[in-house]
Every structure is written in structure tokens, then in C-alpha cells.
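Structure first, commentary second.
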Amino acid sequence: MPQDPRRRIPRTDALLADSRFVTAADRLGMPRVKSAVQLAQSFARQGAIRPEDVAARALEELERPATSLRPIINATGVVVHTNIGRAPLSAAAVAAIADAAGYVDVEFDRATGKRARRGRGALEALLDAVPAAGAALVVNNGAAALLLAALTLAGGKEVLVSRGELIEIGDGFRLPALLESAGVRLREVGTTNRTHLADFADAIGADVGAILKVHTSNYRVDGFACTPSVSELAGLGFPLIADVGSGLLAPDATIPDEPDAGTWLAQGATVVTASGDKLLGGPQAGIVLGRADAVEQMRRHPIARALRVDKLTLAALEATLRSGDAPVASYLHHTPTSLRQRTESLAAAIDLADASVVEVDGRVGGGGAPGVALPGLAVALPESYADRLRLGDPCVLARVSGGRCLVDLRCIPAELDEQVANAIRAVRNAGGD
Ligand SMILES: *Cc1c(COP(=O)(O)O)cnc(C)c1O
């Protein structure tokens, strides 16, 4: 009777002593290597692979990325694209995340050996970036920042808000529903297109606790429209929560209509709330900047603990603010001139009769500045390329417009241009038409 092949399955300790697995363990950690080995052994036990192939199968497993998230090369020209993770992190932020991955003094003072203010480095970086703020707080995302502000500063009373600012922020989430689900009582004033200061003044009674101003970051009402300014609302004498959305901390001439935290605070907002992963170009986070007493009150609210961020977010946010090299900022400021050489090189490199360089408008995206076109360039390909580029490896996400597949280099680091060219050539060689 032949020997049971399962007896030939190599033992775990023998495999782990193999130099290839020792090297892998240095890189990926022993737990990961061990589980890859055990997985391969279990395949062999089930007869799915031969015992001789266990080592190779385990090594193959270790080559695989540790998560199911696949990198995407963003050729859409949309700078802050929610479906693909909003802001790409800067090199400094990526390094900061790696540095913070182990034990770190996120909430610990090495000098005294005692507990310290959590994430103080990130908070100081925010205050340095926005001198008009007396204090800062970081929570999970923009929605959390707004929720915490409304729960804290309205103190169970009504929050007045213009009817024209009751926005839906994507995937069916509506700010009013979000706030009301947590017990915030919203009182709408004015109309969809026009709200006057008098509408707010008329609504003020004993039951008003705060006023909310929301930047309509993803749509625009043109024509017969008006809404009171931050300074007018601040003059009403109630805590003013101003949701700036985009995370712009100071004015940016490229997007002149986009409000920024510093300006709104200077105009009298009590607190400004914003996202960390839109125009700020950092990790997902909710930024709160404002009067020190109001921010402290928010920090002490019981729900703040449920909204807090982890050390990785704090590390990435601080690095984003301090290093000033967020990719979002450079992508936003590209022009046809700055993109021309790379775009023409790409068109030449793919050597395709149907390809041409065309003028296109990039977009800020879900991060703000609705309707603002960012003039740029793209390589136009036959429309059929789009699906195949998206399904390729690497995944190149292009934009389909006017029956063409547009490959826009605005949001692609220059060092990836060659990969984009290779991806297009691969589609062409596979019979792209
Ligand atoms: C994006 C946005 C939000 C939501 O922020 P998240 O970080 O996505 O939670 C809230 N308000 C405004 C005005 C926004 O633009």
C-alpha cells in the first residue's frame, strides 16, 4: 500500500528554518509567515496541492498583498475622489504612519512619565496653520466634527440653519438626518434659494442654542440666491458652528469661492468644522478649530470618546500639516503648461494612431469647489480602453467623456507615467481598437 502522501507534508519548524521564510519573516513578521505556511500545509492535507509544493505555495501567498485593497492610478483628473479614497497621502504622512505603527507617545509625556494630551503634536500643527483658532480638536471625520459641535454647543436647544444649506453629502447621507438622529433639533429658516439675516433674527427665541452655517460644498445655487455671511450670523450673538467641509485652512486663489477655516474664524465663527481628507490632503479626520472654551467643551462631551481618532491618523495629519507636501495641493495647482510635456510624452510613448492630446477640465471633486473647472490636458483614447485599463494591473482609472477615454495625468505622480504608458500599450497589444 502506498504511503499516505500527507506524511510527506513538510513540518512547520523545518519550513520556518528555510532561509526564504526567515527573510520573509524579517520583512512581514513571523505571524504572517506562519499563517501562510499553515495555509499551504492545509491545502496539501486536503489534496489540493502536492506536499512538495507546500513551500512554493506559502511563498506565493506571502507575495500577495496583505489586504484586499488595490492601488488605483487616478487618471480621472478629479483630485478628491471619494470612491477611491479621497486624498492620497504625502510621503511624509506615509512615513509617519509607519513610524507610529508600534508603541508611541500618542498620549504620554516622556519627560514626566505621565499621561499627556492625546495627539498634541497634530493639534499644535493645526493651530500653527490657523492662528485665528484658540484651540483644535481632531475626530473621526467631518460628519463627526459637525455632530459633536451641534450636540455640544446647542446644549439640547434648537440649531437654526438655512433651508438652502441642508445638504446630502454622498451615498445618501443627509446632514439634517445625521444630526437629528443624534437628537439635535434643527430649525430651518428661509427658502431654498434665498435666506436673509432677518429670517434668522425672526426665528430667535428662548429655545435657540446655536446657529449652523454649512458650506454647500457639492452643489451651487446660481441666479436669484443669497444667504447671510458668517460675520452677519456671528453678530446674532449665538454660538456659530461653521461647516467649511473642504478642509481648506487658508484662502487659495485657484478656488477663490471656497471658504477656509481661518477666514471664517476671523469673521466670528465660534467653531469651524472640516474634513481632513479633502483639500487639506491628509487622512480621513474631522477637524475642529475655534474658540478655546467651545472646543474644550466639545472635547469633554461624552460622545467625543466615541468619535476619537487613532494614532495613525494623528501621525499622518501632523506630518501632512508640517511637511506641506500634500499631493492634493500640487494636483490642484497643475495647469496645461505644467502638464503639457508629460502628456505629450505619454501620447508619443503609446504610439497609437488614435491617440491625441486634448484640453480637458479637471475637477476638485467631492472635496469642494463645485462647478470650478481646473484647466488641464489629457490623452484621448478610444472609449473601449477605459474598461480594460480599469481591469488591468495596475488599475488605471480613466474618465469617459464624449465617447472617448481620457487619461489625465493631473492626479498621477510623474514617476508613474511609465506605468500608465505600459498599461495603455498592454491594452493596445491585446487588441484594443
Ligand atoms: C464632506 C463634507 C462633510 C462630511 O465630511 P466627512 O469627512 O465626509 O464626514 C460635511 N459637510 C460638508 C460641507 C462637506 O463638504
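Just so it is clear, the structure is predicted and the values come from calculations on it, not from any experiment. Counting convention: from 1, in listed order, for ligands and their atoms alike.
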(request) State if T82 counts as touching ligand 1 under the rule of any non-hydrogen atom under 4.0 Å. (result) no

Ionic contact status for [Y] with [X], cut-off 4.0 Å:
{"X": "R340", "Y": "E344", "value": "yes"}
{"X": "D207", "Y": "R185", "value": "yes"}
{"X": "D128", "Y": "R322", "value": "yes"}

(message) Considering T216, V214, D243 one by one, which has a heavy atom nearer to atom 12 (C) of ligand 1 than any of the others?
(response) D243

(message) On a heavy-atom basis, I'd like to know which of Q284, K278, H215 is closest to atom 14 (C) of ligand 1.
(response) K278

(request) With heavy atoms under 4.0 Å as the rule, classify the contact between R86 and ligand 1 as side chain, backbone, both or neither. (result) side chain

(message) For L146, which part has a heavy atom under 4.0 Å from ligand 1: side chain, backbone, both, or neither?
(response) neither

Measuring only between side-chain heavy atoms, which start at C-beta, is [X] closer than 4.5 Å to [Y]?
{"X": "L248", "Y": "I255", "value": "yes"}
{"X": "E188", "Y": "P176", "value": "no"}
{"X": "R428", "Y": "D351", "value": "yes"}

(request) State the atoms of ligand 1, each with its element, that fall below the 4.0 Å cut-off from a heavy-atom position in N141. (result) 7 (O), 9 (O)

Below 3.5 angstrom, do we get any N/O pair linking [X] and ligand 1?
{"X": "S275", "value": "yes"}
{"X": "G142", "value": "yes"}
{"X": "A143", "value": "yes"}

Contacts under 3.5 angstrom, residues 140-148 side chains, donor-acceptor by atom type, not counting sequence neighbours:
unit_1 : atom_1 : unit_2 : atom_2 : d
N140   : OD1    : Q284   : NE2    : 3.3
N141   : OD1    : A143   : N      : 3.4
N141   : OD1    : A144   : N      : 2.9

